[in-house]
Structures are given as structure tokens and as C-alpha cells.
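What's counted below: heavy atoms across the whole structure, side chains too, no hydrogens, waters or symmetry copies. A, B, ... follow the sequence lines: proteins, then strands. Residue 1 opens every chain.
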Number of protein chains: 2
Amino acid sequence: MFSLSEENYLKSIYHLEAIHGKGISTNSIAKKLETKASSVTDMIKKLAEKEVLVYKKYQGVSLTKLGRKEATKIVRKHRLWEVFLVEKLNFSWDEVHDVAEQLEHIKSPKLIDELDVFLGFPKMDPHGDPIPDKDGKFQKIEKKLLSTLEENKIGICVGVNDSSSDFLKYLDKNNISLGQKIKVLSKESFDGSSTILINSKEITISKKISNNIYIQS
Amino acid sequence: MFSLSEENYLKSIYHLEAIHGKGISTNSIAKKLETKASSVTDMIKKLAEKEVLVYKKYQGVSLTKLGRKEATKIVRKHRLWEVFLVEKLNFSWDEVHDVAEQLEHIKSPKLIDELDVFLGFPKMDPHGDPIPDKDGKFQKIEKKLLSTLEENKIGICVGVNDSSSDFLKYLDKNNISLGQKIKVLSKESFDGSSTILINSKEITISKKISNNIYIQS
DNA sequence: AAATAATTTTAGTCTTGTCTAAAAAATTAT
DNA sequence: ATAATTTTTTAGACAAGACTAAAATTATTT
Ligand SMILES: [Mn+2]
Ligand SMILES: [Mn+2]
Ligand SMILES: [Mn+2]
Ligand SMILES: [Mn+2]
């Protein structure tokens, strides 16, 4: 059994590995968890003891199979709860993350699988992220950043890279949501900003924005 | 804001006050929380600081209005989650308590009130206990212990005094559930056991059992 | 190849919540 | 009223998880 804190470390390392591959640095974990590197060192020693990750001094860490399995369970819980909040409790997609951060730590063998049944085995969470099934399996969907789309090309919004309330509210304000068609009208090479057509409206978005929107094209 | 541990103390003291009135002893709190009296002393000092209870050395504690309000919130959450688990996730009444013990600590202004809406503002939890509304109000239902019912009198089961899985499974096994009519056929003065008619079947139950079933008559 | 900078680890401290053992106070029995 | 018992509090310790400051290691410049 893992403590709330241990679970948060596992999840963070899992997400970091998804982006950067094996060998996650102490500092990057510290940044993600908004804690100090020294605290991370303490904790990863403990997690190495528990054999959910491999740790060599100064070399960063990598999850073991067991560690990945545990992390996947937490991600599954997080995303299923997010679906529940949006589908059943009238939460909007920018309100769910913080509550799901708490709910993902509830321990009950039955709870999460029944929730899955109740929700009809959803494959995606409200932000377009895949939900692992009971066995931890999920299909990776084809997606790329809007920032990589060339001028005059069209894509469909299928996810976001940042689930913060601030960013999602910005998207709402500009009528950007999952399933929306987005056409890149022009790109400014100076600052990376681009003008896009969405909902038959032209808007200009910064590089930071287009770097946080996933599309399928 | 209160920690998980503080919330558990508040809830326990609240429940003890409901039975024994003001001035709850250190020992009784320790017993309820399965901890040591010395730990309780430490914690009630902290809670007194936070003005949720009044504490005088060697005199036990009493909740303040604020303390009662906080405790009621937690009870509301606990019972609403229990309803959710039974009504929506196919839990039986003996499976919900432990999960609700975890869920009751989730902090979200919106979550619990939306859950209330989603469930249709239930007035009772699966064990017949009243659910406080948004303002902490709830009606106390008229009920007494089955053990106080005289021979040949009839009552309707409206609640249980013990929500442990073991006890509830015993009730299931004997087809005793909320809403059931129960007639006391005879009472044995020697050990307090009684023979009752339920579901047109005669069964003999111990004093301990009849002391944990609430009826309306 | 040094020197400098950045990263990581260690050492020591703190807070929360718990515990045991001993002391103090209150209660009960004689 | 005194003694014995029970309850409660205090004192000191510990584990988890975090922090700061300093030391050790690795990476980057010059
Ligand atoms: Mn999320
Ligand atoms: Mn999400
Ligand atoms: Mn319960
Ligand atoms: Mn209940």
C-alpha cells in the first residue's frame, strides 16, 4: 500500500517518463511536485526500497514494471473521477482537476471498477486523455501540437497539454473545445503566434497557447 | 481548514455528544478512535485552540457551535457518499462505511452539493440515518431500540446502531432490512434474548442484536 | 585542464500525529 | 478519612514528510 505522498510521486514520475523517457532527474520531479530536490531524494530512496523505481545516485530514476502499474492505476482513477464530475455533477472541464487530485487517492477495490461501469467504460477524460482500463491498457491516440500544424492546414482539437483552470477558461472564452475544427490561417515566425479560424471566427493565439492544444489532422 | 485527523476527532466527539450529552471524556474519544488517551489530550488542546470545542483539564470536552457545524458537514458528506455507493454503484449497505470514511474528507465546495442534487436530495442514508441539508439542518426521526419493545408489540425497522459490515451481514442473512415489520413474540429475561417474527419467520436474537436495531412503533 | 556553475545528496531541523511510561488528579472502595 | 483504583495529563520519543544550509558530484565554460 502506498501513502498519498508516495502516490503523487509515482504519478509525477510516470507523467515525466511519458515525455522525457527513462532517467527522470530529481530536479524535474521537484518542480512538478512543487517541492524541494532534497525532499525528492528522500522519497525516491523510499520508493526504490519498495521496488517501484530504480535509483542510482546522481543518475535520476526510472519506474519499474510494478511502479508503472501502480501509477497507471492512479491515472485511471483520476480520469474516471474527472468524467464523473463533468458527466454527472455539472462540473466544467476547468473545475475537475483539483477535486480529482483528491479523489484519485481513495482506496477501494470495488469503487473504481463500479464507477467505470456506471460511466459506461469511457475511453477519454474531459481533456481528451485516455483512460486505462481495469488491466491498465489504453490506446495511445494519434495527436500532435497545434503549433506543429502548417499554414492553411486543418486539424481537430483532441486534447490539451495543460489542464489548469486558467488555460481551460481561456479556451472556453475563445470557444475552443474538444472536437472543434481548427484551421491555421497564418503563422508569425517572429514570436510563433498564429492566427487560426475556429467556429468561423478568426483569432490570434500565442505560441504558448498553440503549444498546449493537441490536434488530429 | 481541518486536517483529516482533526475531522475524525470532530466527528467522533459529535457522535458521542449525541448519545451522552456535553462533556465527553478523553477515554471515550480514545476508544471510539482506537487511539490512546494521551493522543486525544494532545489533539483536543489543538482543537480548543481552533475554537471548535471547549476543554477544561480533567473535565472532558464539548463542541462549540462552530465545532458542531464542522462535524455536521462531515456527517453530511459521509452519508451522501453512502447513498451514492448504494444507489449508483451497486454497493450493499455493509460495504459502504469504510469507503465513505475516506470520501467524507474530500474538500470541494461544489462537489457535495452537486452530489446532493444528483441523488435527489435524499433524507436518509442506507442505514436509516438522517442526512443534514446544505445548512446542516435535518429532522430527528422518532425511533427506539428493538430491545425496548414489549412482547406482542409490532415495530418497523428504521435504522441500525452499528454500521459494521459484520452486523449488517448478519441482518442480511436473517432478512432484516429497513422498512421491515418486526413483532416481538417473547423475551427471555435471563439473557435478554428475544424471539421475533420477521418476514413470517420466527427467529431468536440476542440482546446485543436487539440493542442495535432501531424501530418505529 | 581548470574554473565555474548547476545539480544532487547529506546533515540537521521542524511539524503533525502518534506512542509509552510516569506523574497528577479524580473517583471509588474500605 | 485514607487507601486503592481509574482517568487524565505530561514528558519524552518516534515516523513521515517536508525544509534549509552545506557538502559532494556532475556538467559547462573558459
Ligand atoms: Mn486532471
Ligand atoms: Mn484530465
Ligand atoms: Mn457510515
Ligand atoms: Mn450510514
Side-chain angles (χ1 to χ4, degrees), chain A residues 1-13 16-17 19-63 67 70-71 74 101-102 104-105 107, chain B residues 1-14 16-17 19-63 67 70-71 74 101-102 104-107:
Chain A
M1 199 57 67
F2 298 92
S3 72
L4 187 145
S5 208
E6 290 171 333
E7 290 191 341
N8 282 334
Y9 274 88
L10 282 174
K11 192 177 49 138
S12 289
I13 296 166
L16 288 167
E17 278 193 348
I19 303 170
H20 303 108
K22 310 233 138 198
I24 300 302
S25 73
T26 304
N27 252 1
S28 63
I29 298 168
K31 194 168 289 175
K32 185 134 209 174
L33 285 166
E34 296 180 85
T35 184
K36 296 297 150 80
S38 53
S39 307
V40 173
T41 304
D42 285 347
M43 180 58 94
I44 59 186
K45 280 179 183 167
K46 230 177 76 183
L47 291 172
E49 278 293 319
K50 293 197 172 187
E51 305 192 317
V52 286
L53 52 78
V54 177
Y55 165 57
K56 270 218 218 93
K57 267 194 199 178
Y58 296 99
Q59 304 287 126
V61 298
S62 299
L63 291 182
E70 277 305 317
I74 304 163
E101 286 289 311
Q102 299 177 62
E104 72 190 4
H105 300 292
K107 280 158 181 76
Chain B
M1 201 59 71
F2 297 92
S3 73
L4 186 144
S5 208
E6 290 171 334
E7 289 190 344
N8 282 333
Y9 274 88
L10 281 174
K11 192 176 49 137
S12 289
I13 296 166
Y14 176 83
L16 288 167
E17 278 193 348
I19 304 170
H20 303 109
K22 310 231 140 199
I24 299 302
S25 73
T26 304
N27 252 2
S28 63
I29 298 168
K31 193 168 290 176
K32 184 135 209 173
L33 285 167
E34 297 180 83
T35 184
K36 295 297 149 80
S38 54
S39 307
V40 173
T41 303
D42 285 347
M43 181 58 95
I44 60 186
K45 280 178 183 168
K46 229 177 76 182
L47 291 172
E49 278 293 317
K50 293 197 172 188
E51 304 191 319
V52 285
L53 53 76
V54 177
Y55 166 56
K56 270 216 218 98
K57 267 194 198 177
Y58 297 100
Q59 305 287 125
V61 299
S62 299
L63 292 180
E70 278 305 318
I74 305 163
E101 286 289 310
Q102 298 177 62
E104 72 190 4
H105 300 291
I106 302 291
K107 279 159 180 73

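The nearest whole Å value for the distance from the CD1 atom in A:I44 to the P atom in D:dA18 is 13 Å. Look at CG on A:D42: it is 10 Å from P on D:dC19, rounded to the nearest Å. Note: CG (A:L4) to C1' (D:dA18) measures 14 Å, nearest angstrom. Regarding A:K36, its NZ atom lies at a distance of 15 Å from the C1' atom of C:dT7, rounded to whole Å.
The minimum heavy-atom distance linking B:A71 with B:Y14 is given by the pair CB-CB, 3.5 Å. Between B:A48 and B:Y55, the shortest heavy-atom contact is CB-CB, 4.0 Å.
Summarising the geometry, atom OG1 belonging to B:T26 is positioned 12.0 Å from atom NZ belonging to B:K57; distances are rounded to the nearest 0.5 Å. Atom-to-atom distance recorded for B:L53:CG and B:S62:OG is 8.5 Å, nearest 0.5 angstrom.
Of the residues in residues 20-32 of chain B, none has a non-hydrogen atom less than 4.0 angstrom from any atom of DNA chain C. Taking every heavy atom of residues 50-61 of chain A and every atom of DNA chain D, pairs under 4.0 Å involve A:Y58, by number. Proximity of residues 5-13 of chain A to DNA chain D (heavy atom under 4.0 angstrom from any strand atom) is restricted to A:S5, A:Y9.
At least one side-chain nitrogen or oxygen of B:T41 sits closer than 4.0 Å to the OP1 or OP2 atom of D:dT9. Remark: A:T35 is not in phosphate contact with D:dA18, judged by side-chain N or O atoms under 4.0 Å from OP1 or OP2.
Side-chain proximity of B:S38 to C:dT10, C:dT20, C:dT9: nearest is C:dT20.
In this structure, the side chain to side chain donor-acceptor pair (under 3.5 Å) partners of A:E104, at least two apart in sequence or on a different chain, are A:K11, A:H78. In this view, A:E6 and A:F2, A:S3, A:M43, A:K46, A:L47, A:K50 satisfy the side-chain contact (heavy atoms from CB on, under 4.5 Å) rule, not counting sequence neighbours. Every side-chain contact (heavy atoms from CB on, under 4.5 Å) that A:K56 has, sequence neighbours left out, goes to A:Q59. In terms of the salt bridge (charged side-chain N to carboxylate O under 4.0 Å, His left out) criterion, residue partners of A:E7 (sequence neighbours excluded) are, by chain and number, A:K107. With sequence neighbours left out, the side chain to side chain donor-acceptor pair (under 3.5 Å) criterion links A:E17 to no other residue.
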Ignoring hydrogens and angles, write down the donor-acceptor pairs under 3.5 Å from the side chains of residues 27-42 of chain B, residues two or more places apart or on other chains.
{"unit_1": "B:S28", "atom_1": "OG", "unit_2": "B:S25", "atom_2": "O", "d": "2.8"}
{"unit_1": "B:S28", "atom_1": "OG", "unit_2": "B:S25", "atom_2": "OG", "d": "3.1"}
{"unit_1": "B:T41", "atom_1": "OG1", "unit_2": "B:A37", "atom_2": "O", "d": "3.1"}

DNA chain C in dot-bracket form (Watson-Crick or G-U pairs under 3.5 Å, [ ] crossing, | inter-strand) is ||||||||||||||||||||||||||||||
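Under a cut-off of 6.0 angstrom, the local environment of CD in A:E51 is sparse, with at most 12 non-hydrogen atoms contributed by other residues, nucleotides or ligands.
Counting only heavy atoms from C-beta outward, the side chains of A:N8 and A:H105 approach each other to under 4.5 Å.
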